[in-house]
Amino acid sequence: MLEPRKFRVTENRKIAEGVFGLKLVPADGEPLFVYQAGQFIMLHLQNPDGTIWAKAAYSIAGAPSESRDSIDLAIRLRGDFTHRAEQLKVGDTVLVQGPYGRFTLNESAERHVMLAAGIGITPIYSMLREKLMTHPDSDLILLYSNRDVSSFSFLVELKALADEHPNFSCITTLTGETEEPWQGERGRIDEAVLRKHVPEPATAEYYLCGPTDFVTGLTEILEKCGVNVKIQAHKEIF
Ligand SMILES: Cc1cc2nc3c(=O)[nH]c(=O)nc-3n(C[C@H](O)[C@H](O)[C@H](O)COP(=O)(O)OP(=O)(O)OC[C@H]3O[C@@H](n4cnc5c(N)ncnc54)[C@H](O)[C@@H]3O)c2cc1C
């Protein structure tokens with residue numbers, strides 16, 4: 001089993017409405033562990049006496065080729081754990097265990113389609129950035145859904161990546177109502193929206209991350225589109 005390691009908080013910032021980002025570096029100054037885009041760590045919060053208070057899993061949002069000495073997390077505020085994590089200050093220490101997980105890129109696939117809902121963008125953002133840093137001409141499509149405009153994490157960064165990389169399309173869809181002007185899609189990602197943005201859907205590799213109903217619903221839609229989901233669809237639920 002991987003031993004928990006002490007990390008220091010070097011940044012705590014707001015990323016979107018109800019989402020904050022932590023940057024963590026190894027407190028001992030030793031090199032960071034080697035990880036793959038899409039993997040997660042266990043974040044342990046401690047009591048003042050150093051005993052473990054609680055732990056939870058968080059995907060690494062940064063790209064391994066980019067951040068070799070720190071990890072970035074994007075955390076949606078929910079219950080006690082996340083509200084306590086949000087209180088972390090620069091200089092505080094936490095314990096980090098990992099990396100874990102097999103929700104990673106299939107490097108042999110030629111076309112990658114990422115389907116993310118809410119904070120499910122986190123491992124997908126890592127995979128997208130890694131792929132575009134190492135293979136800038138990669139054929140990539142992101143369909144990213146949120147209820148509110150203010151809930152989209154990394155929207156500015158994703159749009160900038162799409163501007164820089166002609167083979168990367170970033171399609172956002174809003175499931176709630178808004179008074180603000182909105183140029184993306186509206187409503188849930190259904191078969192029509194998928195087919196509109198993903199030419200020849202049966203030939204792509206898929207990465208799905210979000211709540212259970214999102215991942216289950218989209219898996220059914222992929223099957224209807226002729227995708228062999230057992231082989232071509234990679235899933236993470238949270
Ligand atoms: C693979 C994976 C990756 C994930 N990646 C992300 C991500 O990138 N971003 C994200 O936002 N979420 C992610 N999640 C979800 C995340 O792990 C948590 O489920 C979520 O943040 C829970 O938040 P919470 O505040 O409701 O936690 P809580 O339900 O409050 O607590 C989580 C843990 O702390 C314990 N705990 C809570 N309160 C107390 C207390 N008072 N005393 C003692 N123990 C307590 C609970 O028993 C539980 O073990 C991921 C989940 C998985 C499985």
Side-chain angles (χ1 to χ4, degrees), residues 13-17 19 21 36-38 59-67 72-74 76 103-107 109-176 178 180-210 214-215 218 221-222 225 227 232-236:
R13 67 182 177 105
K14 181 172 176 173
I15 289 186
E17 202 51 52
V19 179
Q36 284 178 273
S59 305
I60 302 171
S65 298
E66 186 181 41
S67 25
D72 288 293
L73 309 178
R76 183 163 80 86
F103 185 61
T104 53
L105 281 166
N106 173 2
E107 293 297 346
E110 288 190 359
R111 299 172 63 220
H112 303 271
V113 177
M114 319 280 189
L115 304 169
I119 197 63
I121 190 65
T122 313
I124 289 198
Y125 184 59
S126 171
M127 288 194 263
L128 276 172
R129 287 170 72 90
E130 182 66 14
K131 194 71 184 162
L132 291 173
M133 282 186 77
T134 53
H135 301 87
D137 296 328
S138 300
D139 189 342
L140 290 170
I141 300 170
L142 168 67
L143 286 162
Y144 178 22
S145 162
N146 260 299
R147 190 174 303 146
D148 307 303
V149 182
S150 59
S151 305
F152 280 93
S153 299
F154 310 122
L155 199 52
V156 172
E157 293 89 340
L158 287 165
K159 297 277 180 207
L161 284 173
D163 288 344
E164 275 170 46
H165 299 274
N167 293 335
F168 167 46
S169 323
C170 172
I171 296 111
T172 48
T173 178
L174 192 66
T175 56
T178 180
E180 299 168 51
W182 176 250
Q183 287 171 352
E185 294 282 352
R186 281 180 184 271
R188 285 171 177 252
I189 303 168
D190 58 14
E191 188 176 339
V193 170
L194 191 97
R195 286 187 183 278
K196 177 176 162 190
H197 294 289
V198 184
E200 299 180 51
T203 62
E205 194 86 358
Y206 291 84
Y207 305 84
L208 294 77
C209 189
F214 174 83
V215 172
L218 272 158
I221 291 171
L222 294 181
C225 293
V227 176
Q232 292 164 257
H234 312 263
K235 305 172 197 176
E236 190 99 279

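On a predicted model such as this, the values are computed, not experimentally measured, just so you know.
With a 4.5 Å cut-off on side-chain heavy atoms, Pro199 and Ile141 count as touching. You'll find the side chain of Asp148 stays beyond 4.5 Å of the side chain of Glu17, heavy atoms only. Side-chain contact between Arg111 and Asn167 is absent, with no heavy atoms from C-beta onward closer than 4.5 Å. Contact of the Ile189 side chain with the Ile171 side chain is not registered, since no non-hydrogen atoms from C-beta on lie closer than 4.5 Å.
Annotation: Arg188, atom CZ; neighbour count of heavy atoms from other residues, nucleotides and ligands within 6.0 Å does not exceed 12. The local environment of CZ in Arg195 is crowded, with over 12 non-hydrogen atoms from other residues, nucleotides or ligands closer than 6.0 Å. Other residues, nucleotides and ligands place more than 12 heavy atoms under 6.0 Å from the CD atom of Glu107.
A side-chain donor-acceptor contact under 3.5 Å links Gln232 to the backbone of Ala202. Put simply, the side chain of Asp190 gets close to the backbone of Ala192: a donor and an acceptor are under 3.5 Å apart. Between the side chain of Arg129 and the backbone N or O of Glu66 there is no donor-acceptor pair closer than 3.5 Å. Here the side chain of Thr122 pairs no donor or acceptor atom with the backbone of Ala61 at under 3.5 angstrom. Using modelled atom types, no side-chain atom of Thr104 and backbone atom of Ala37 make a donor-acceptor pair closer than 3.5 Å. Checked by atom type and distance alone, the side chain of Tyr125 never pairs as donor or acceptor with a backbone atom of Leu158 at under 3.5 Å. Under a 3.5 Å cut-off, the side chain of Glu110 and the backbone N or O of Asp139 do not form any donor-acceptor pair.
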Exercise for the section: Would you please test Arg186 and Thr178 for side-chain contact (heavy atoms from CB on, under 4.5 Å) and show each step? Expected result: CA-CA 10 Å; Arg186 281 180 184 271; Thr178 180; 3.7 Å; yes
Exercise for the section: Show your reasoning for whether side-chain contact (heavy atoms from CB on, under 4.5 Å) applies to Tyr206 and Val198. Expected result: CA-CA 11 Å; Tyr206 291 84; Val198 184; 3.6 Å; yes
Practice task
For the pair Leu132 and Leu140, evaluate side-chain contact (heavy atoms from CB on, under 4.5 Å) and give the outcome as yes or no after the intermediate values.
Solution key: CA-CA 9 Å; Leu132 291 173; Leu140 290 170; 3.6 Å; yes
Exercise for the section: Show your reasoning for whether side-chain contact (heavy atoms from CB on, under 4.5 Å) applies to His197 and Leu143. Expected result: CA-CA 8 Å; His197 294 289; Leu143 286 162; 4.1 Å; yes
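Under the side-chain hydrogen bond (donor to acceptor under 3.5 Å, both in side chains) criterion, Glu205 pairs with Asn106, His234, sequence neighbours left out. Leu155 meets the side chain to side chain contact (heavy atoms under 4.5 Å, CB included) test with Phe152, Lys159, Thr172; sequence neighbours excluded.
Between the CG atom in Asn146 and the OG1 atom in Thr173 there is a gap of 9.5 Å [rounded to 0.5 Å]. Separating the OG atom in Ser65 from the CD atom in Glu130 is a distance of 3.0 Å, to the nearest 0.5 Å. Between the NE2 atom of His165 and the CE atom of Met133 there is a distance of 9.0 Å, given to the nearest 0.5 Å. Here CD1 of Ile15 is found 4.0 Å from CZ of Phe154. Values are rounded to the nearest 0.5 Å. Here the SG-CG distance, from Cys209 to Leu218, works out to 12.0 Å after rounding to the nearest 0.5 Å. Taken from OH in Tyr144 to CG in Leu128, the straight-line distance is 11.0 Å, to the nearest 0.5 Å.
Between Ile60 and Ser126 the shortest heavy-atom distance is O-CB, 3.2 Å. Closest approach of Ile119 and Ser153 over heavy atoms only: CD1-OG, 4.5 Å. The two residues Phe103 and Met127 have their closest heavy-atom pair at CE2-CE, 3.3 Å. In this structure, Cys225 and Leu194 approach most closely via the heavy-atom pair SG-CD2, 3.7 Å.
Note on Lys196 versus Glu185: salt bridge recorded, some NZ/NE/NH1/NH2 to OD/OE distance being below 4.0 Å.
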